[in-house]
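Chain letters run A, B, ... following the sequence lines, proteins first, then strands; residues in each count from 1.
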There are 2 protein chains.
Amino acid sequence: MKKEKVHDRIIRVASELFYKQGYNSTGINQIIAEADIAIGSLYNHFSSKNDLLHAYLIQEEIGWFDGFEKSIVNIEEPKEKIIAVIDYRKKLQQSSGFAGCHFIKIISEIGDGNAVVSDFVKKHKDKQKEMIRIIVKEYSDKHQLEDASLMADQVFLLIEGAVVTSTISKKNDSFDQVKKMIKGLLP
Amino acid sequence: MKKEKVHDRIIRVASELFYKQGYNSTGINQIIAEADIAIGSLYNHFSSKNDLLHAYLIQEEIGWFDGFEKSIVNIEEPKEKIIAVIDYRKKLQQSSGFAGCHFIKIISEIGDGNAVVSDFVKKHKDKQKEMIRIIVKEYSDKHQLEDASLMADQVFLLIEGAVVTSTISKKNDSFDQVKKMIKGLLP
DNA sequence: GTCTATAGACGGATAGAC
DNA sequence: GTCTATCCGTCTATAGAC
């Protein structure tokens, strides 16, 4: 296994810290200390802390959709695919100790103070919605839904609700409630 | 009309700033400047910024449930009450410029770094859920639901999903999607 | 209550030597 | 790439005079 490049280590450490303790609460000094690099080295790779934030978001988005694809790629039945999407978010929450959605977190923290970031998050969520839309459409082609687009939006909302709720409650029962609801809606 | 007390003015200004630009991004100096008070005066009323945060959360909770009660008090039909709950959150989002839920925001920002705050938010959301549970129970007593408790949880999740989604999209169509879904579930 | 001054720590970022 | 030193601003919080 190749040694981890400095660039990658910076992003990895910064990502963990941004995610776990928040962007504003994470200082440059802490990042370089935990990544065990020099400050000059950091500013050699990234022009500013804000630049590092962008790299963090891009990396998280790539990882998110990679995991998403892997979690549904081997499933044939559309209804099972929808369930797999819920399980994917449930798994993410479980393995992070219910730390929440990276993108919702950063929006909550910076609000509209950074147009580039809020745009990025908006587009990210639109992509998520589009993925769900495709899967629900598959289901609808087989089983005839009245309004597949509306159904996709509703599935999306339920999952988002489960994510924020489980982040606060530190339990994942909300995902099971969502699954029950979806199963009732898609006979 | 009585002059606003210093204590109240501090909380009001701090609340606006904490909500709009975030807790960490709001400094003591900005609070005293916009409240037009001296720094000694602030520390006379609050022992620390963290103390002010607690006062902020308590005040927001009181305001939240006040508004909640007012929005449903004149409605008789249980189903209409449920719709009114959705409209209440929709109205909050609209009037705040889609700034999101105060409590989700603070949790996203401080994570588990402050046990008192995460406990407070957890309890707050439990109270919200309990309010919904009561209304859904009313409905169930009239129209017989299979599992009223599960239905209440699902209504709660849909609303939470609509709040975070509208915060990102800056549109309130997600609330209308929730309403359509609820209306379909409660004939 | 008001004001100003300031402590002491930490923020992001830069520069120079190796 | 590493290291240290440093600039300058801001942070929370305290102290003293009025």
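- Between the P atom of C:dG1 and the CD1 atom of B:I37 lies a distance of 9 Å, rounded to the nearest Å.
- Regarding contacts with the backbone of D:dG1, every side-chain N or O of A:H7 stays at 4.0 angstrom or more from both OP1 and OP2.
- Under the side-chain contact (heavy atoms from CB on, under 4.5 Å) criterion, A:F98 pairs with A:Q93, A:Q94, A:S166, A:K170, A:N172, not counting sequence neighbours.
- Here the P atom of nucleotide C:dG12 and the CG atom of A:L17 are 12 Å apart, to the nearest Å.
- Going from atom CZ of B:F46 over to atom C1' of C:dG1 covers 15 Å, rounded to whole Å.
- Atom CG in A:D36 sits about 7 Å away from atom P in D:dC3, given to the nearest Å.
- By the ring-ring contact (aromatic ring centres under 6.0 Å, His included) test, B:F120 pairs with no residue at all, sequence neighbours left out.
- A salt bridge does not link B:E138 with B:K142: every distance from a Lys NZ or Arg NE/NH1/NH2 to an Asp or Glu carboxylate oxygen is 4.0 Å or more.
- Atoms CD (A:Q21) and P (C:dG11) sit 10 Å apart, rounded to a whole Å.
- Applying the salt bridge (Lys or Arg N to Asp or Glu O under 4.0 Å) definition to pairs two or more places apart or across chains, those involving residues 49-73 of chain B are B:E61-B:K127.
- Across the protein-nucleic acid pair, A:I32 atom CD1 and C:dG11 atom P stand 10 Å apart, rounded to whole Å.
- Among pairs with a residue in residues 178-187 of chain B, those fulfilling salt bridge (Lys or Arg N to Asp or Glu O under 4.0 Å) read B:D87-B:K179, at least two apart in sequence or across chains.
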Contact string for nucleotides 11-18 of chain D, one letter per nucleotide 5' to 3', B = base within protein heavy-atom range under 4.0 Å, S = sugar-phosphate only, - = neither, reads SBBB----
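- Within the structure, every pair that satisfies the ring-ring contact (aromatic ring centres under 6.0 Å, His included) test and touches residues 142-187 of chain B, not counting sequence neighbours, is listed here: B:Y139-B:H143.
- Between C:dG1 and B:S41, no contact under 4.0 Å exists linking OP1 or OP2 to a side-chain N or O.
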